[in-house]
*Asks:* 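Following this message is one structure expressed as structure tokens.
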Amino acid sequence: MFLKDIQKKLHNFSQAGMLFLSLLLILVLVNVLSLRHFTRVDLTQERQYTISDISKQILARIDDVLTVKVYFSKDLPPNLRSVTQYVKDILEEYQAYTAQMRVEFIDPLSDPALQEEVEKLGIPQVQFNILKKDKFEIQNGYLGLAFFFEGRHEILPFVENTDNLEYQITSAIQKVGTQQTKTVAFLSGHSEVSLYDLPFGAEEGTPTYIAARRALEQNYDVRSISVKNGEEIVDVDTLIIGGPKEGLKERELFEIDQFVLKGGNAIFLVDPITLFLGIQAQANTTNLDRLLENLGVKLSAALVLDVSNETLTFQSGFMQFIVPYPFLVKTVKDFHSKEVPVVSKIESVVFPWVAPLELSLKEGVSGQILIQTTPKAWKMTAPYNLSPQQDFAPSVRAQYPLAIFLRGRFQSLFSGQTPPALDEGQESTDDPNGRVGISESVEESSVVVIGDSDFLSDRFIERYPDNLTFFLNLVDYLTLDETLIDIRAKTVSSRPIREISEGEKTKLRVLNILGVPFLVVALGIGRYVVRKRRK
Amino acid sequence: MAHIWSLTKKELRTYFHSPIAYVVIVVFLVVSGWLFFRAFFLEGQVSLRGYFLLLPWLFLFFVPAITMRLFAEEKKLKTLEMLLTWPVRDVEVVLGKFLASLLFIIIVLLLSLSIPFSLRTLGNLDMGGVAAGYIGSIFLAAAYLSIGIWISSLTSNQIVAFILTVVASFMLFIVGEDIVLFVIPQGLVPFFDFIGLGTHFESIMRGVVDSRDVLYYLSVIIFFLFLNMRELEKRHR
């Protein structure tokens with residue numbers, strides 16, 4: 001019957017329809033579920049697209065829209081083009097872990113209004129050499145990133161290589177996501193290393209920490225502070241004593257001592273000698289050795305020399321010599337602490353004219369030797385001969401610590417005493433402000449001691465960039481969430497095509513574009529012929 | 001299982017008897033190779049990225065060329081009815097044809113391996129990235145194939161099958177691309193982006209295998225193979 005036919009058809013249709021709909025529903029459901037529960041496997045050689053767990057965690061915590069503006073200009077030299085691609089890729093990786101991140105690519109050169117926006121953010125215009133029609137031309141461009149979140153913003157002014165990009169991006173995101181910025185302060189008043197350009201007339205060769213300051217400013221509030229007038233150190237997370245050349249007063253030692261006891265972190269970069277007239281050495285007296293020994297590190301008045309060293313270029317008359325210079329101690333990764341990520345991933349640090357340290361742990365404090373020399377190092381005491389042409393004949397060789405890390409609760413150097421008077425020589429009476437010194441740490445803090453301050457200066461960072469990475473890692477380790485440290489030190493290599501002639505290029509093209517297809521055709525014809533013969 | 005395999009073998013053998021198979025392979029290799037090398041030396045980086053970027057577009061035309069005859073021809077030559085009377089299940093028929101065309105694509109991709117091996121002589125090629133790219137390409141191709149085979153079962157005219165497949169694949173691809181995403185209302189963007197065939201190729205092309213992308217491609221394949229089976233079922237009634 002006709003009706004029964006339709007009924008049957010409808011029945012079949014609806015049955016099949018149900019099956020179809022349920023399958024569709026299942027597929028959609030499975031895919032939607034997978035949006036939250038998924039895994040990503042990075043098969044690339046350097047795991048260059050894998051973001052560390054810390055970054056993922058930070059991304060998961062973002063609860064509002066995060067906008068990332070990539071200010072890259074279009075015309076870039078070839079070595080920077082791979083940077084552009086990598087930035088695009090890694091930001092996509094970030095986006096895979098949070099739906100709140102928006103990424104925009106903007107070329108500031110395309111619109112003067114955009115250029116103004118960019119300059120206001122603090123992203124500088126940079127100059128490149130670009131090869132155009134067989135001529136090198138100077139071109140202006142931009143390679144900066146800006147992160148915007150809830151009215152705040154953070155910038156990465158110049159992304160020239162991808163080495164620490166994940167760290168920089170995650171730090172910027174964390175910084176813009178939280179309202180707190182940590183403060184790093186440099187002590188001043190004792191001819192410490194300057195954070196800024198030297199005034200006209202300064203002695204040539206005087207070290208500066210300009211690069212270090214700039215790098216630190218990316219993540220911290222960087223300040224210079226003085227405690228000459230007995231000011232209490234407040235609102236500082238990490239204090240850096242960078243290469244003082246004059247003695248500290250008792251009161252100043254007291255302030256630093258109290259700062260550490262209140263939970264502040266400190267990094268001491270103390271030189272054993274001061275250089276003058278190029279290659280003459282004078283012992284450096286800062287009075288810090290008492291303070292440091294009380295914390296747990298003995299600083300010797302000596303220089304360390306090592307077989308693992310860098311070379312020195314110097315002139316004698318008309319000749320230029322490049323000789324190995326044992327005073328430029330070059331550390332080897334094998335002798336870096338394996339437990340502390342700060343140094344375990346750094347290949348090598350170069351310390352110029354560094355003092356050996358000795359760990360003398362106090363109760364309640366744990367210590368780690370971060371970096372030490374090879375077992376074949378030796379010491380030199382006063383009088384110091386820094387000439388590269390001397391006959392080094394060490395009698396005693398040993399391994400010496402160069403950087404020590406302490407953490408715990410410390411005892412005051414001034415326990416039981418009233419705070420020292422502001423002026424030396426005065427009787428220390430009860431402090432007019434009613435300040436009482438604490439004798440023991442109220443909370444745990446970290447202290448790092450290194451017997452050298454030059455390794456961080458601009459002159460040496462230029463030649464040995466790992467020195468800066470090491471220092472920045474150190475500051476971060478003490479100051480920030482220490483888990484952030486594992487993100488650092490991931491290098492992405494560029495994979496350039498090696499130099500080959502035009503002829504070789506053509507050969508390659510022919511082989512792939514024509515050669516293989518030719519084989520296929522030959523195979524086809526061969527099979528055809530064989531089949532024909534069989535018939 | 002054995003049925004599927006013998007169907008696959010039969011399908012492949014038939015295909016390779018005709019010169020069309022060789023023409024398709026040759027044209028694909030020549031076009032893809034030529035396009036790749038054009039940009040390669042200018043980029044200056046030893047990477048197969050440029051090649052994988054081409055594939056979604058190349059597959060758009062080459063896959064329909066492979067799938068157009070799979071069912072359409074049989075319907076034209078009236079061999080489909082005969083096939084369906086054999087003691088084989090519909091699912092085996094569909095899977096047989098699917099696997100045959102997938103194997104064909106795999107053969108073509110294997111032949112293209114001359115490129116990464118040539119590149120290795122020029123510098124440090126990231127083989128992990130290359131492996132991921134090829135895995136992704138197989139999934140992408142399989143997705144296109146499943147669409148193509150289904151459409152082929154809807155008509156007896158190969159040309160119609162070809163054109164319809166190109167259009168359908170194109171639409172499913174373009175829906176997730178920026179061109180479309182820019183003009184649709186903001187709320188629909190995540191949905192459209194997810195549906196796009198190209199979107200799920202992005203990560204894997206870089207070397208990162210994401211389970212969501214794999215799941216997506218498997219879903220597309222299962223969906224269209226299912227539709228295909230339903231189409232065959234109709235023939236029984």
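Convention: sequence-line order gives letters A, B, ...; per-chain numbering from 1.
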*Asks:* Under 4.5 Å, counting heavy-atom pairs only, tell me which of A/Thr44, A/Asp89, A/Val28, A/Val30 racks up the most with chain B.
*Replies:*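 When all of A/Thr44, A/Asp89, A/Val28, A/Val30 are compared, A/Asp89 has the most.
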*Asks:* Under 4.5 Å from any heavy atom of chain A, what part of B/Phe36 do you find: side chain, backbone, both or neither?
*Replies:*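 Looking at B/Phe36, nothing touches chain A.
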*Asks:* Can you name the closest pair of heavy atoms from B/Leu48 and B/Val130 and give their distance?
*Replies:*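 Reported closest heavy-atom pair: CD2-CG1, 3.9 Å.
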*Asks:* Using heavy-atom distances under 4.5 Å, tell me whether A/Ala99 contacts chain B through its side chain, its backbone, both, or neither.
*Replies:*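 Interface part for A/Ala99: neither.
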*Asks:* Of all of A/Leu27, A/Asn31, A/Val520, A/Asp42, which one pairs up most often with chain B through heavy atoms under 4.5 Å apart?
*Replies:*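 Heavy-atom pair counts peak at A/Asn31.
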*Asks:* Determine whether the aromatic ring centres of residues A/Phe72 and A/Phe105 are separated by less than 6.0 angstrom.
*Replies:*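 Not under 6.0 Å, so no.
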*Asks:* Which atoms of B/Ile204 come close to chain A, meaning under 4.5 Å heavy atom to heavy atom: side chain ones, backbone ones, both, or neither?
*Replies:*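 The answer is neither part of B/Ile204.
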*Asks:* With a 4.5 angstrom heavy-atom cut-off, which part of A/Leu519 approaches chain B: side chain, backbone, both or neither?
*Replies:*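 Contact with chain B involves no heavy atom of A/Leu519 at all.
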*Asks:* Checking B/Phe40 against chain A: side chain, backbone, both or neither under 4.5 Å from a heavy atom?
*Replies:*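 Both parts, backbone and side chain.
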*Asks:* Under a 4.5 Å heavy-atom cut-off, does chain B meet the side chain of A/Phe20, its backbone, both or neither?
*Replies:*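 Both backbone and side chain.
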*Asks:* Heavy-atom pairs under 4.5 Å with chain A are the metric here; pick the option from B/Val23, B/Val26, B/Leu119 that has the most.
*Replies:*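 Among the listed options, the one with the most contacts to chain A is B/Val26.
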*Asks:* Check the angle between the aromatic planes of B/Tyr217 and B/Phe139 and answer parallel, tilted or perpendicular using the 30° and 60° thresholds.
*Replies:*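 The arrangement is parallel - the two ring planes meet at less than 30°.
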*Asks:* Is it the side chain or the backbone of B/Ile25 that comes within 4.5 Å of chain A heavy atoms, both, or neither?
*Replies:*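 Just its side chain gets close to chain A.
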*Asks:* On a heavy-atom basis, which atom in A/Tyr71 and which in A/Ala146 lie closest, and how many Å separate them?
*Replies:*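 Shortest heavy-atom contact: CE1-CB, 3.8 Å.
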*Asks:* Using distance alone, with no hydrogens and no angle criterion, decide if A/Glu166 and A/Ser52 have a side-chain donor and acceptor under 3.5 Å apart.
*Replies:*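 Yes, because at least one side-chain N or O of A/Glu166 sits under 3.5 Å from a partner of the opposite role on A/Ser52.
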*Asks:* Using non-hydrogen atoms and a 4.5 Å limit, figure out which bit of A/Glu93 sits close to chain B: side chain, backbone, both or neither.
*Replies:*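 Both backbone and side chain.
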*Asks:* Of all heavy-atom pairs between B/Asp90 and B/Glu233, which one has the smallest distance, and what is that distance?
*Replies:*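 It is OD2-CG, 3.6 Å.
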*Asks:* Using the six-membered ring wherever Trp is involved, compare the ring planes of B/Tyr134 and B/Tyr51 and label them parallel, tilted or perpendicular (cut-offs 30° and 60°).
*Replies:*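 Tilted: the ring planes of B/Tyr134 and B/Tyr51 meet at 30° to 60°.
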